[in-house]
Amino acid sequence: MFCNQRILKDQRGITGLETAIVLIAFVVVSSVFAFAALSTGLFSSDKAKETIQAGLAETRGSTELKGSVVLTSPTSGTAAIISQIAFQVANAAGGNAIDLTPGKTLIKYTDQTQSKMFLTDSSSEGFTSTGLGSADSDMLLERNEVYKIKMFGLDSTASTDDNLTNSLGVNTTFSLEIIPPSGAVLFIERTTPVYMDPTNSLD
């Protein structure tokens with residue numbers, strides 16, 4: 001009887017089993033936590049890489065203005081209106097080729113009375129992109145190339161795209177946003193002179 005009671009009170013084996021269970025549970029929990037932390041780190045790294053690559057793509061696809069913005073008017077004087085806006089663009093140093101085809105590249109015109117989109121090349125309205133000098137005719141603005149962008153038919157007003165709702169006259173501040181299919185937007189802002197000549201160069 002005494003021997004049986006001593007055996008029942010000896011719980012060293014049970015304590016060892018509990019310790020083993022706790023140790024196994026600790027290892028499992030640690031493994032799950034490590035896996036979760038590793039997965040989160042890899043996901044964050046991938047997102048950071050995508051952000052960096054997107055930023056580089058925007059930088060590589062940048063255009064820059066070359067020269068002056070030239071305004072053309074069919075008449076001269078203080079009541080004259082603009083019929084054409086022309087300017088030259090080049091590829092930023094080391095930039096990727098940019099498609100200047102109307103419709104792929106868009107131009108947003110804004111002044112104090114209107115905001116209009118120019119996106120086509122028709123016979124009487126919209127804008128054209130033309131390579132200058134040694135530039136080829138594939139409509140891709142590549143390294144060491146200069147393209148001339150000309151917005152025309154501005155003296156013919158309408159409420160649709162590719163037209164101004166109100167004519168651009170003297171002493172008016174306007175802005176142009178050249179929006180390529182990829183890359184940064186080129187922003188140009190100028191103010192028309194108080195007296196319009198047939199050809200006006202705005203630096």
Side-chain angles (χ1 to χ4, degrees), residues 61-92 95 97-203:
S62 298
T63 57
E64 58 183 0
L65 181 66
K66 302 288 284 187
S68 303
V69 177
V70 179
L71 310 181
T72 303
S73 175
T75 59
S76 60
T78 57
I81 60 174
I82 297 300
S83 59
Q84 294 181 3
I85 300 176
F87 53 92
Q88 292 80 41
V89 295
N91 201 316
I98 299 172
D99 193 345
L100 294 181
T101 303
K104 294 182 178 179
T105 290
L106 313 175
I107 299 179
K108 182 180 180 181
Y109 170 95
T110 305
D111 63 28
Q112 60 185 1
T113 64
Q114 59 194 323
S115 180
K116 303 300 290 288
M117 294 297 298
F118 289 78
L119 40 82
T120 61
D121 171 15
S122 67
S123 59
S124 60
E125 59 191 31
F127 74 95
T128 58
S129 303
T130 307
L132 302 177
S134 59
D136 50 35
S137 58
D138 58 5
M139 302 297 286
L140 293 176
L141 178 60
E142 300 168 314
R143 297 183 186 181
N144 303 319
E145 290 187 344
V146 177
Y147 266 70
K148 178 181 180 179
I149 296 179
K150 181 173 71 174
M151 303 169 63
F152 55 93
L154 303 181
D155 51 344
S156 177
T157 58
S159 59
T160 56
D161 291 332
D162 299 305
N163 288 279
L164 295 182
T165 304
N166 304 307
S167 298
L168 176 58
V170 299
N171 196 28
T172 302
T173 299
F174 68 94
S175 65
L176 302 174
E177 295 177 56
I178 294 80
I179 308 171
S182 63
V185 174
L186 174 62
F187 182 81
I188 302 172
E189 184 176 80
R190 295 292 187 273
T191 300
T192 59
V194 295
Y195 184 94
M196 206 83 72
D197 292 318
T199 302
N200 308 268
S201 180
L202 306 181
D203 296 326

Is the backbone of Met117 close enough, under 3.5 Å, to the side chain of Tyr109 for a donor and an acceptor to pair up by distance? no
Output all residues satisfying side-chain hydrogen bond (donor to acceptor under 3.5 Å, both in side chains) with Thr120, sequence neighbours left out; order by chain, then residue number. Asp162
Can you name the salt bridge (Lys or Arg N to Asp or Glu O under 4.0 Å) partners of Asp197, sequence neighbours left out? none
Measure the CG-CG distance between Asp111 and Leu164 for me, rounded to the nearest 0.5 Å. 7.5 Å
Looking at side-chain heavy atoms only, is the closest gap between Phe118 and Leu154 below 4.5 Å? yes
By side-chain hydrogen bond (donor to acceptor under 3.5 Å, both in side chains), Lys116 pairs with (sequence neighbours left out) Thr165
Contacts of type side-chain hydrogen bond (donor to acceptor under 3.5 Å, both in side chains), residue Asn166, not counting sequence neighbours: Thr113
Hits for side-chain hydrogen bond (donor to acceptor under 3.5 Å, both in side chains) against Asp155, two or more places apart or cross-chain, chain-then-number order -> none
Give me the atom names and distance for the closest heavy-atom approach of Leu141 to Glu145. CD1-O, 3.6 Å
Quick note, side-chain hydrogen bond (donor to acceptor under 3.5 Å, both in side chains) partners involving residues 123-137, not counting sequence neighbours, are Glu125-Asn163
Tell me, which pairs form a side-chain hydrogen bond (donor to acceptor under 3.5 Å, both in side chains) where one or both residues lie in residues 66-77, sequence neighbours left out? Ser68-Ser201, Ser68-Asp203
Heavy atoms, side chains only, cut-off 4.5 Å: are Val194 and Thr78 in contact? no
Spacing of CZ belonging to Phe87 relative to CZ belonging to Arg190, to within rounding of 0.5 Å: 10.0 Å
Can you pull out every salt bridge (charged side-chain N to carboxylate O under 4.0 Å, His left out) where at least one residue sits in residues 97-109? Sequence neighbours excluded, please. Asp99-Lys104
Could you give the distance from CZ (Phe152) to CD1 (Ile85), rounded to the nearest 0.5 Å? 12.5 Å
Mind checking the CG-OG1 spacing from Leu71 to Thr199? Nearest 0.5 Å is all I need. 9.5 Å
Return the CD to CG distance between Gln88 and Leu132, rounded to the nearest 0.5 Å. 6.0 Å
Reported CD-to-CG distance for the pair Glu189 and Leu202, which is rounded to 0.5 angstrom: 12.0 Å
Side chains of residues 167-180: which donor-acceptor partners sit under 3.5 Å, not counting sequence neighbours?
| from | atom 1 | to | atom 2 | distance (Å) |
| --- | --- | --- | --- | --- |
| Thr172 | OG1 | Val170 | O | 3.0 |
| Thr173 | OG1 | Thr191 | OG1 | 2.8 |

Tell me the closest heavy-atom pair linking Glu64 and Asn91, and the distance in Å. OE2-O, 3.9 Å
